[in-house]
Amino acid sequence: MLDKRYDPKKVEEGKYETWKSNGYFTAGDNTKPSFSMVIPPPNVTGKLHLGHVMDTIPDDIIARYKKMKGFDVLWIPGMDHAGIATQAKVEAKLREQGVSRYDLGREGFLKEAWKWKDEYAKTIHAQWAKIGLSVDYTRERFTLDEGLNAAVKHVFVTLYNEGLIYQGERIIHWDPELRTALSNIEVVHKDVPGQFYYFKYDIEGEDDALIVATTRPETMWGDTAVFVNPKDPRYQKYIGKRVKNPCNGEWLPLMGDSYVDMSFGTGAMKCTPAHDPNDFALAKKYGFPLIRVMDETAHLLPIAGEFAGMDRYEAREKLVEKIKAEGHLDHIETFVHSVGFSERSNTVVEPMLSKQWFVKMKPLADKVLEMQQGEGKVEFKPKRFENVLIRWMKNVEDWCISRQLWWGHRIPAYYNKKTGEILVSETEPNMEEYDQDEDVLDTWFSSALWPFATMGWPKSTPDFDRYFPTSTLVTGYDIIFFWVSRMVFQSEHFTGKAPFKKVLIHGLMRDEQGRKMSKSLGNGIDPLDVIDRYGVDALRYFITTSSTPGLDMRYSDEKLQSSANYLNKIWNATRYVESVLGEDFVPGKLEKKDLGTLERYILTRLEKTIKKVTTKMDAYEFGAASTALYDFVYDDFCSYYLEMSKVSLSDPSKEAPVKQTLYFVAKSLILMIFPYCPFIGEELYLSLPGHKDSAMLESYPTYDKNLVFAHDEVAGKTLEAMIKDVRSYKSASKMAPNAPITICISPKAPFKGIEDYLKRFLFAKEVKIEKEAPKGETFLYKSVSMVLSLDQSVEEIRAGLMKEKERLTFELARGEKMLSNPNFVAKAPKEKLDIEKAKFADNQAKLREVLTRLDSLN
RNA sequence: GGGUGUUUAGCUCAGUGGGAGAGCGCUUCCUUCACACGGAAGAGGUCACUGGUUCGAAACCAGUAACACCCACCA
């Protein structure tokens with residue numbers, strides 16, 4: 001017997017270990033159709049947060065559902081080495097011990113990083129177990145394992161040989177704290193208040209000075225020219241003269257170029273080719289030298305003279321002071337401008353000239369765009385996110401893939417020690433003759449290969465043949481650019497196929513006030529805390545059911561509580577069923593002929609629910625699926641059938657079919673909730689008689705039209721309505737709920753034996769079934785009426801009937817309006833027309849009944 | 001500058017061409033043997049606004065407003 005209360009902690013204990021050790025998570029049954037997914041690999045940077053939970057719980061629900069639907073489900077788990085993020089964490093840890101990565105050297109540092117990885121992998125495993133992920137551990141991978149490394153090398157070398165990877169000197173985003181290059185999308189732009197410095201540049205041979213505005217005084221040593229728009233009447237006359245750089249007194253050419261926006265600042269712009277991408281482009285055009293001013297830590301180089309060695313901000317401040325002292329500062333304006341921050345270190349990135357490796361994106365992106373036009377396209381849910389991908393692919397820039405880090409896949413490029421000649425190769429050359437490139441690859445370079453490299457690619461393996469492409473990917477909209485887009489183009493290029501057929505995009509979890517969760521706000525929520533308070537099943541239920549795909553959701557204690565309450569409801573309903581079934585119950589077949597009206601009613605409702613839930617599950621609409629089940633559980637089962645069954649069971653002749661029905665319904669709903677809430681689902685399933693070893697071995701309930709009884713459904717609904725009407729009536733008339741009444745049903749009861757139910761639930765002294773009902777408070781249903789005898793005066797009865805007449809008249813007017821509209825009759829679908837016609841006829845009959853009764857009062 | 005999303009009950013959100021829904025909160029009543037983490041009965045809404053399409057619009061289209069997000073630019 002189950003306990004009186006659902007205790008999540010007790011229920012969760014031990015189940016995961018049992019599933020895992022029994023091999024329920026392991027794929028490989030070739031007799032079944034395959035269904036495959038890969039986990040979005042969490043970073044080995046720390047504990048799981050709600051973001052991972054949001055990625056993986058829908059995955060798990062899909063995996064468990066598909067398994068119960070008869071698929072051979074492969075769900076590959078794994079983790080991401082997360083290059084920059086992890087290296088930053090390991091460095092921070094070392095720093096606490098007073099050690100820098102340079103003290104340890106490459107080898108020593110990597111040893112530390114692997115230790116870190118092993119430690120956090122343990123934590124992540126424990127958390128996967130905690131939230132119940134049914135992943136296939138026999139196939140677990142890591143983005144930095146040998147197989148992935150081989151795949152990465154193969155991809156790099158192939159793209160290089162195809163001319164799609166190249167080395168180039170360009171302006172890139174530089175993180176001066178982590179001392180590495182970044183790709184465009186690793187830079188987060190934020191609007192911040194800043195200063196706009198207006199400096200006076202003396203003009204050669206003129207008394208006049210040119211005012212040039214800049215936000216970056218500290219780069220002025222790298223200036224090679226000053227530009228104005230050639231159409232600018234203010235400055236036209238000076239073009240071709242020289243102006244004096246107030247930072248070091250050097251003469252710079254004043255040039256005209258239409259790039260300059262006359263309305264911005266003073267309309268005069270300094271050109272710093274090595275520290276600004278636009279200036280770099282101008283420098284290329286005019287053949288200016290590229291003068292670097294800062295080193296890799298954003299400290300000034302010797303070119304800055306007395307300022308050399310200063311940090312960029314200190315230098316800015318000191319330089320402005322100096323220029324001001326020399327009388328060349330015009331004024332300073334404060335304004336808000338957009339500044340790029342490193343996604344990982346949150347320091348201001350420095351646009352810097354640097355030699356890096358790039359992926360030539362245009363040809364790869366074009367192929368993706370072409371693929372999305374055809375049959376093999378990736379289908380997004382919600383659809384609109386496909387446009388996010390397409391727009392990005394259309395405007396994509398070359399991808400800077402080299403990182404000046406140690407933790408990652410080292411670039412398979414080798415330089416001949418003598419000749420300097422480059423060799424790009426999957427196999428290592430004689431290292432006495434060669435030096436390997438020091439850099440590693442962007443972490444997303446390996447993540448991009450995840451769906452196929454985890455299956456053994458580039459080797460042709462049985463797993464790859466059977467499970468690739470994967471069926472579905474679940475991820476957040478915030479990493480479409482980072483991950484989804486890159487998987488798509490790499491997969492298209494190397495396998496000729498999209499890596500997954502569908503992508504289910506979810507939103508982000510926000511805090512209860514609707515704010516983004518962030519470290520700086522300290523409003524992050526630890527999933528383990530939530531699990532501790534409400535249980536993991538409530539968390540799983542909340543996360544997948546109280547949001548719409550693609551939209552952000554708010555964390556809500558209230559909703560977690562109500563999820564837990566729902567599970568408690570199912571728990572107690574099951575408990576009731578078991579108490580009814582008793583020890584010696586044996587599950588049997590439901591025999592149509594034995595089933596009473598109410599059994600047929602609840603089975604009909606159940607089958608309709610199964611149909612709806614299945615449709616919604618297949619469409620990955622978990623909110624809608626769960627609502628359908630929820631309504632069934634509360635309204636049809638617990639509030640109605642379960643209560644009615646108490647009456648039925650007092651009749652020994654009904655006992656057997658009622659028990660079979662209760663068992664069948666309870667088992668079905670437990671199996672339907674199971675993919676969402678596997679812990680309580682398993683506990684309840686195992687507490688039922690005649691169970692298998694696990695709910696994981698069961699099939700998902702399937703719609704059975706032999707258990708749909710339209711007529712009995714109507715009869716059951718009529719009884720339900722009768723009870724509700726009388727209760728409402730009593731409440732509205734200030735009668736006690738248990739006030740005794742007499743009920744008369746005419747001309748014919750909706751089903752045999754209805755008296756017992758009415759007596760029990762309405763406190764009726766007597767229920768009469770007669771051709772002609774007496775005068776009294778009247779309720780009308782389809783082909784039957786119910787009259788309460790309440791010792792009412794004629795006036796009261798008349799008032800009740802008048803109210804009903806008024807209502808019916810209104811209804812008839814509505815129907816009349818519709819049905820007499822020739823356009824409606826001609827254009828509305830036939831079903832709708834039939835419904836309205838039937839309703840109209842029904843209301844007419846009811847009105848006649850009311851009028852007859854009113855007549856008889858006189 | 002370009003794009004996307006949101007706007008529905010006091011709050012948080014579902015719904016999506018055919019009579020406005022849920023959870024929580026609120027009112028009244030109920031410890032009756034599955035559950036007080038409960039039950040019963042209620043109150044509460046010009047579905048942001050303006051036009052249009054349609055027999056019929058909360059839903060489709062166009063526009064407006066507010067809020068949020070993404071991308072690009074910013075000397």
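Residue numbers start from 1 in every chain, and the chains themselves are labelled A, B, ... in the order their sequence lines are given, proteins ahead of strands.
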message: Between P on B/C24 and CG on A/N565, what's the gap in Å once rounded to a whole number?
response: 7 Å

message: If you go through the side-chain atoms of A/E643, does one of them form a donor-acceptor pair with the base of B/A34 closer than 3.5 Å?
response: yes

field: Presence of salt bridge, A/K803 and A/E777, under 4.0 angstrom
entry: no

message: When the P atoms of B/G5 and B/G15 are compared, how many Å lie between them, rounded to an integer?
response: 15 Å

- request: Answer yes or no: side-chain N or O of A/R814 and base N or O of B/G19 forming a donor-acceptor pair under 3.5 Å.
  value: yes

message: Under 3.5 Å for both pairing distances: what stems, at least three Watson-Crick or G-U pairs long, include RNA chain B?
response: B:1-7 with B:65-71, B:10-13 with B:21-24, B:26-30 with B:38-42, B:48-52 with B:60-64

query: What does A/Y477 touch in the nucleic acid at a heavy-atom separation under 4.0 angstrom: a base, only the sugar-phosphate, or nothing?
result: nothing

query: For A/L567, which contact category applies under a 4.0 Å heavy-atom criterion: base, sugar-phosphate, or nothing?
result: nothing

- prompt: What nucleic acid atoms does A/T266 come within less than 4.0 Å of, heavy atoms only: base, sugar-phosphate, or nothing?
  reply: nothing

- prompt: Can A/E12 and A/K10 be counted as an ion pair, charged N to O under 4.0 angstrom?
  reply: no

message: Whether A/D842 and A/K846 form a salt bridge (side-chain N of Lys/Arg under 4.0 Å from carboxylate O of Asp/Glu) is what I want to check.
response: yes

task: Taking atom P in both B/A20 and B/A57, compute the distance separating them and give it to the nearest angstrom.
output: 12 Å

message: Does either side chain, that of A/D557 or that of A/Y534, offer a donor lying less than 3.5 Å from an acceptor on the other one?
response: yes

message: Between A/K383 and A/E386, does any NZ, NE, NH1 or NH2 come within less than 4.0 Å of an OD or OE carboxylate oxygen?
response: no

